[in-house]
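Structure, as structure tokens:
From a predicted model like this one, the values you see are computed outputs, not experimental measurements. Letters go in sequence order (proteins before strands), and every chain restarts at 1.
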Amino acid sequence: MPIVQVRNVSKTFYRDRGPGVRAVNDVSFSIEEGETLALIGESGSGKSTVGRLMLRLIEADDGEIVFDGHDVRRRSPEELRRLRATMQVVFQEPYESLNPRMSIGAIVGEPLEIHERGLSGRQRAARVAEMLDEVGLDPALAGRRPGALSGGQQQRVGIARALITRPRFIVLDEPTSSLDLSVQGQILRLLQDLQKRLKLTYLYISHDLSTVSYIAHRVAVMYLGQIREIGSVDDVVNRPQDPYTRALLNAFLSPDPTVRTRDTYRLSGEIPSPTQVQRGCFLYSRCPSRIEPCASTPADLRQLDPGHEVRCIRAPLSQPLVTVNPELRTFGGPPRPTQKQQA
Amino acid sequence: MSERVLTQPGRRRSSAMPAIVRENAPVVLGLAFIVLFLAASFFAPLPYGPTTPDPLATSQPPSALHWFGTDANGFDVFSRTIAAAQRDIPLALAGTLASLVLGIVFGLLVSTKSRWSERAIRGLDVFQAFPLVIIGTAIVTLTGNRLESVVLAIVLLNVPRFMRLIRSEALALRESRFIEAARALGASPLRILWRHILPNVMGITLAQSSIAAAHSIIVIAALSFLGVGVSPPDPSWGLMIQEGARQMIVGDWWIVVFPGFAVLVTVAAFNLVADGLQAAADASQ
């Protein structure tokens, strides 16, 4: 039984004048309890908007968002407020997501002030200390301001704040992309560890494929507000069937100069303006595998294998597929690749 | 600043005010000047009564007997310049404090990006278009000439400025990630205003309030000059400047220069405090 289901959700942003930007276009997926679904795509693909729509930080135009049996979009403000204790978010910029005028203890304790009003100040402080310890921070840091902490520590504070009310579902909106590489690994390991211990469900939004294959169970690839391909990490990363996914994987650079697995499968041109209404396949203007019907036939997601859905009408692609860089699967993982990198 | 945070983690909040003062000589200097001036106006033994003229010594130039000279009525300019602080400084502070409180409340109220708050700000535009002279005259016509009307004038002049400042700061803050995080936590709009927006606009608001206090001194002087507020023979810098200006024609420069200088240094003292508070607010961000 999935804990979160997103059904046919759309969102268009309107400016004062001119056409609206269709940021999210009929997106559907579900996440099982204890699972991590990664949402990847380039900037402007609508992946962060999906996360915000799921938490109802912005209102969807259309569709259903079902969390734990509740339609999030139909909750009253009071019901929504209570629901927020069980679904949380960790943002990309750790410093900007912490109030610079509040102490770490006050930041991490605030969700308790909102959701568990019966607690005394002492009980709250105890819970905060416990939570800080759980995310690997010294509880003595509770008296400091966010500015006195390193980026990795700040992100741990963000995680502690998200977890203190014991939520079941967390949106991780690029939680490591503004951190140093070494700190990224620590944070990812912490998130993985917490997921196992607390049975958390994650929506992991990222554009960094190496972290995705490390932390996620399934991957959804977004382009211009649509999901292009969704499936297990193994299916999507090792056997991509959509031209967009394939090109995206090819664009990923390896830190190892001896790895030469990139093929010449590339998209041409720039990402079209999301204000333009596309007929047919959204990728048509850039796709190396396009054929005549792509221009006019809308491409819908269809199941290729069980649990593996693709939008391209030509999938499975006939050309021999990419040998994906093995580094993709090895970020911070078992010792084998590390040794290889050093060699 | 960050180094001290590291050495005394738990005491950040309680030590904030003394730390600001310790690190900011200008704030200390400005405050000390204001307090001393105010204390002197109440308690210092003045050489002559500020409201008792000496008809035998009119329009005397500065001398050992009358340090700042005397005016056309025989009032001792030195005694009056000091005694005027009794009214001028408390009026300025009361007006500023009232403006600060009202400005924060109304500023936060209009700090949403709604059509309603846009209209409120447009309304302020119209209001602010009236010059001080008109507002002062209108208030006195409506309420009579009392000291309270001076405070009212200061409030009417300053509240729109505070509102604008707080609104523009708050609108920028509302876009910030930590406000979105607070909403994701389920924080109510009131909690977001009180716990997240207010503390982050306080620094710049305090700095603005010192500027407003300095401005108030000038407003009181201007209103007294118009005959509003402090009435003769009670001393006020504005009134003294008004009377002194007339005597400039016959060369009696001391009547206008000394109270003018008192306004100058008081305003400078408030500005020192303002600059110091602003710097402290920036440093702790």
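- Using a 4.5 Å heavy-atom cut-off against chain A, no residue of residues 118-131 of chain B qualifies as contacting.
- The candidate with the highest count of non-hydrogen atom pairs below 4.5 Å against chain B, out of A:Glu93, A:His115, A:Glu110, is A:Glu110.
- Environment of CZ in A:Arg197: crowded, with over 12 heavy atoms of neighbouring residues, nucleotides or ligands closer than 6.0 Å.
- Contacts with chain A (heavy atom to heavy atom, under 4.5 Å) involve these residues of residues 174-196 of chain B, listed by number: B:Arg177, B:Phe178, B:Glu180, B:Ala181, B:Arg183, B:Ala184, B:Leu185, B:Gly186, B:Ala187, B:Arg191, B:Arg195, B:His196.
- For A:Leu98, the part sitting under 4.5 Å from any heavy atom of chain B is the backbone (N, CA, C, O) and nothing else.
- A:Gln88 touches chain B through its side chain: at least one heavy atom from C-beta onward sits under 4.5 Å away, while N, CA, C and O do not.
- Contacts of residues 122-132 of chain A with chain B at a heavy-atom distance below 4.5 Å are absent; not one residue qualifies.
- Contacts of A:Glu113 with chain B are made by both backbone and side-chain atoms, with heavy-atom separations under 4.5 Å.
- Of residues 69-85 of chain A, those residues with a non-hydrogen atom less than 4.5 Å from any non-hydrogen atom of chain B are, in numerical order, A:Arg81, A:Arg84.
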